[in-house]
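Scroll down for the structure; my scribbles are underneath it.
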Amino acid sequence: MDLDRLASSPSKMADLQPSMPKFLRESSIAFGSGQAAGFQIPCVIGKEGQVIAHGLTSGMGIAIFTSGGDSQGMNAAVRAAVRMGLYVGARMYFIREGYQGMVDGGDNIVEAEWSSVSGIIHKGGTVIGSARCKDFRERAGRLKAAKNLVERGITNLVVIGGDGSLTGANCFRQEWSSLLAELASTGQISADDQQKYAHLNIVGMVGSIDNDFCGTDMTIGTDSALHRIIEACDAISATAYSHQRCFIMEVMGRHCGYLALVAALASEASWVLLPEEPPPAGWQTTMCDKLRMASSAPRCGRPDHRQAAEQTTALPCHCTGGLFIYLPLVAAECVEADYVFIPEWPVVNWEKKLVVKLHAASVVVDNLGFDTRVTVLGHVQRGGSPSAFDRILGCRMGAEAVLALIEATPDTEASVISLDGNQAVRVPLMACVKKTQAVAKAMEDKNWQLAVELRGRSFARNLETYKMLTRLKPPKEIKGKGGHTLAVMHVGAPCCGMNAAVRSFVRNGIYRGDTVLGIQDGIEGLVENQVKEMGWGDVTGWVPQGGAFLGTKRTLPQKYMSQVAARFKEHKIQALLVIGGFEAYLTLLQLCDARQQHPELCVPMACIPATISNNVPGTGFSLGCDTAVNEITEICDRIRQSAQGTKQRVFIIETMGGYCGYLATMAALAGGADNAYIFEEPFSIADIREDIYHLIQKMDEGGIKRGLVLRNEYANPNYTTEFLHQVFTEEGKNTFSCRMNVLGHMQQGGSPSPFDRNMATKMAAKCTDWLVRQMTENTREDGSVFTNQPETVHRIQKQQWWMKLRPLMRILAKHTATYEEENVEVELDGKAH
């Protein structure tokens, strides 16, 4: 989900108070009416959630290939395209080694079967190979490619690659008629074949870790690359803290700073250099001043250590998690490891010399004398298993690409399958390429503002959010602005991303000149007066940590309303942010209901949904759910791998999620599971028996060795995980053995994913903005804040966006299934009615 789509309209944004950060005041207007307004890309909604008949087409030839640089998630897209194509009745082909394989023909173009793509969804790279081809750039090479395709009856191509690969495919499509005419004139193909295969249709998917293609929120592989970068940062922090070193990290991205920017935001890097926004003159001095202050400021969050930092005789000690270290030789000052992110290839010549890693390192060493190390992550960012997000994205895009080809006509423009929020959409290929090229042109012209705008609203806000959150010292309070008291607490179960949200909220509040109070252990802590003022340095190092440093409990305020109101009055709380799951929603509702009896509670209140179950209304994603899906997916990979080399085996795995099947469904799609039993979709013993027979058939006839079935913990009170294990064991005993695993609370653990870290930071910034506006609008003459606006009572939403992905899960597992219709009916041209 793109959180920036939740922003207010430009007219409302213009009315916000001046003390808010610049990016919240100006970006909405800039993107609505700025220089980038002329590069709007139209889109057609995809077919997710609609009825797709089995055997929809007959004999249609579709080939899929990967070209250019590889990226994690390509295999998921290949798998989905092949199986969706077979489901609708098309003949599916692999083209190995990209355009080179298309030119060479022979064994490089092979027909694909359902089992051809088994066991590849968890693999990085691309199993069908990828290569850059000089021959295809010449007409003679394209003639050979056209002949090879016609000989196999292929007139539809699914291209997975970057803008160069997609542009090449579109040129090939435009030349197709002339190529066939030349082949027919030389007798290499018949006139009948020329007429029969007169049109070539192209649909693309962007596979690139750089996320530099305009027209989609995310490209296949970007999320996995961020995982590799963040894993490296978290791992290297141990040695950084041990020796108080400054580490300079070089990341990939070519001419796009997305990876560097998001990684810096998600790892609390102290400095970042981006192609889209080169540093101003004298940046070396600014960077060194910032690193110098970072090394000398007492930034430990524990009260006893903050007090010790003021004493020169304090003993060295290590804080929880090793995030902060007292230097025994520097007056017991806390210091944290500092990262300097540099994009791989800067595209501009700053100050007549390239800003490269070694130059930045020499600047730090020469000016500060810091022990500095340089780490070049290199191609490790392209490797490894794809993240759950990239697997699901590849599955959705691959299936949608085939459906787009089925509906294509000779007049249909070449399109790219993109992600717009939670919806797969089709966008014109060349419009996206044009906008992508406009970014490069803007940077060449040194029009940095336009370059940032063309990257998208999310990129710009990431940049400004990073700048604000990494300030070492908040700005001085301006008379007449700020001065409010805000409080933050957790209610409910802990989940990854909570700490990142608190950090963002605290620093946003302090940035505006406000006071931010941290409430320990939720409502119980508030009643017991476990309330303390949070400083800028108190939240340093919180982003990469799981759990909830403020503590969290499920206690609701209803029984303690008088004490809660008394604490509000005592601490003069003028706004409250609650981070948590459904208990957090109930907490706010109960506090609002008690406003008539307790006027102290008549203050603005907001909630950030944070639960791995993703079962709260008002949002497509809650904090923690992405990390949990990744944890489950990784565990499923290991469990399935444990049976490699043994006889045929089926695993029954129980996930958390309460009565919400989000975790089970998304992990099943990402892990290539055969089914996922959830509460929202009732099932019977007949359905279970059908799944068993389906697995037996796959193993007997399809050569499959392992099966995977997930079950949500509250899917059915009678058909428990143990019951499923016993039934599968008994009914399948002549074909496979069965094992059961209950994952439990390990799904709540781990380090937050880059998605959760980034989303937490953005959501907290938006909540701060809303709370400040409400306080400003509802401040009385005596300076107190009073608001008693009617609140909306929330309930679990009846329609959940991810439910439309369940038929896709079954189709990819070779279930006889169709897409289910959504409430919105969509015609073939994509127009809703």
Side-chain angles (χ1 to χ4, degrees), residues 46 48 52 62-67 70-96 98 110-130 156-161 203-207 219-221 223-224 384-406 417 419 424 633 636-637 640-641 665-676 694 698 702-708 710 805-815 817 819:
E48 288 180 336
I52 304 298
I62 303 176
I64 183 170
F65 67 96
T66 54
S67 177
D70 67 304
S71 63
Q72 308 96 320
M74 281 184 168
N75 288 327
V78 170
R79 171 180 176 269
V82 168
R83 292 190 174 178
M84 177 58 78
L86 295 175
Y87 173 81
V88 297
R91 290 180 295 111
M92 300 300 299
Y93 292 86
F94 293 138
I95 301 179
R96 303 188 184 278
V110 296
E111 190 164 358
E113 299 177 350
W114 187 88
S115 59
S116 301
V117 291
S118 295
I120 69 171
I121 192 172
H122 64 283
K123 294 182 178 179
T126 166
V127 295
I128 60 176
S130 178
N156 300 275
L157 294 179
V158 177
V159 188
I160 308 177
V203 172
M205 289 179 276
V206 187
T219 58
I220 298 173
D223 188 69
S224 299
S385 181
S387 67
F389 181 91
D390 275 330
R391 299 187 196 191
I392 296 170
L393 181 63
C395 289
R396 298 175 68 182
M397 286 187 171
E400 187 63 34
V402 171
L403 298 179
L405 285 173
I406 291 175
I417 306 303
L419 183 68
T633 302
C636 289
D637 288 347
R640 194 149 47 178
Q641 186 183 38
T665 297
M666 302 304 277
L669 190 58
D674 296 277
N675 201 0
H694 162 66
K698 284 174 63 175
I704 305 302
K705 295 294 185 182
R706 290 172 298 280
L708 183 65
L710 276 67
L805 302 182
R806 288 188 59 80
L808 174 61
M809 175 192 71
R810 295 192 187 91
I811 290 175
L812 300 184
K814 202 179 179 181
H815 275 262
Y819 279 109

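Note that the structure is predicted; figures quoted are calculated from it, not measured.
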Is any side-chain heavy atom of R79 closer than 4.5 Å to a side-chain heavy atom of W114?
no
Just so I know, are the side chains of T66 and I128 near enough to count as touching, which here means a heavy-atom distance under 4.5 Å?
yes
Taking the side chain as every heavy atom from C-beta outward, state whether L393 and L419 have any pair of such atoms under 4.5 Å apart.
yes
Which pair of heavy atoms, one from I160 and one from A77, lies closest together, and at what distance?
CD1-CB, 3.8 Å
From CA spacing to verdict: side chain to side chain contact (heavy atoms under 4.5 Å, CB included), Y93, V110:
CA-CA 5 Å; Y93 292 86; V110 296; over 6 Å; no
For a quick check under 3.5 Å, do S387 and D223 share a side-chain donor-acceptor pair by atom type?
yes
Quick one: list whatever passes salt bridge (Lys or Arg N to Asp or Glu O under 4.0 Å) with R83, sequence neighbours left out.
none
Can you measure from CG (L812) to CD1 (I121) and round to the nearest 0.5 angstrom?
7.5 Å
Over all heavy atoms of both residues, which pair between A80 and C395 is shortest? Give the atoms and the distance, please.
CB-O, 3.3 Å
Short question: side chain of R706, backbone of R640 - any donor-acceptor pair under 3.5 Å?
yes
Between D390 (side chain only) and G221 (backbone N and O only), is there a donor and an acceptor less than 3.5 Å apart?
yes
Grab the two heavy atoms, one from E400 and one from A424, that are nearest each other, plus how far apart they are.
CG-CB, 4.5 Å
Under 3.5 Å: donor-acceptor pair, side chain of H122, backbone of T633
no
If every non-hydrogen atom of S385 is compared with every non-hydrogen atom of R391, which pair is closest and at what distance?
OG-NH2, 2.8 Å
Residue list, side chain to side chain contact (heavy atoms under 4.5 Å, CB included) with A673, at least two apart or on another chain
A668, L708, L710
Run the side chain to side chain contact (heavy atoms under 4.5 Å, CB included) test on V203 and N156 for me, step by step, so that the C-alpha distance in whole Å, both residues' side-chain angles and the decisive distance to 0.1 Å come before the verdict.
CA-CA 8 Å; V203 172; N156 300 275; over 6 Å; no
Nearest heavy-atom pair of I392 and A670: which atoms, and what distance?
CG1-CB, 4.0 Å
Side chains of F94 and I64, heavy atoms from C-beta outward: is any pair under 4.5 Å?
yes
Do side-chain atoms of S71 reach the backbone of I220 as a donor and acceptor pair under 3.5 angstrom?
yes
Check whether any side-chain heavy atom of R91 sits under 4.5 Å from a side-chain heavy atom of E111, and report yes or no.
yes
Looking at CZ of R96 and OG1 of T126, how far apart are the two atoms once the value is rounded to the nearest 0.5 Å?
9.5 Å
Do M809 and N675 touch side chain to side chain, with heavy atoms closer than 4.5 Å?
yes
Hey, does the side chain of N75 reach the backbone of V127 with a donor-acceptor pair shorter than 3.5 angstrom?
yes
Minimum heavy-atom distance A112-L86, with the two atoms named:
O-CD2, 4.1 Å
Using atom types as modelled and distance alone, determine if a side-chain donor or acceptor of S67 lies under 3.5 Å from a backbone N or O of S130.
no
Here the gap from I811 atom CD1 to R806 atom CZ, rounded to the nearest 0.5 Å, amounts to 13.0 Å
Taking the side chain as C-beta and beyond, is there a heavy-atom pair between E48 and L805 under 4.5 Å?
yes
Does the side chain of I704 come within less than 4.5 Å of S118's, by heavy atoms?
yes
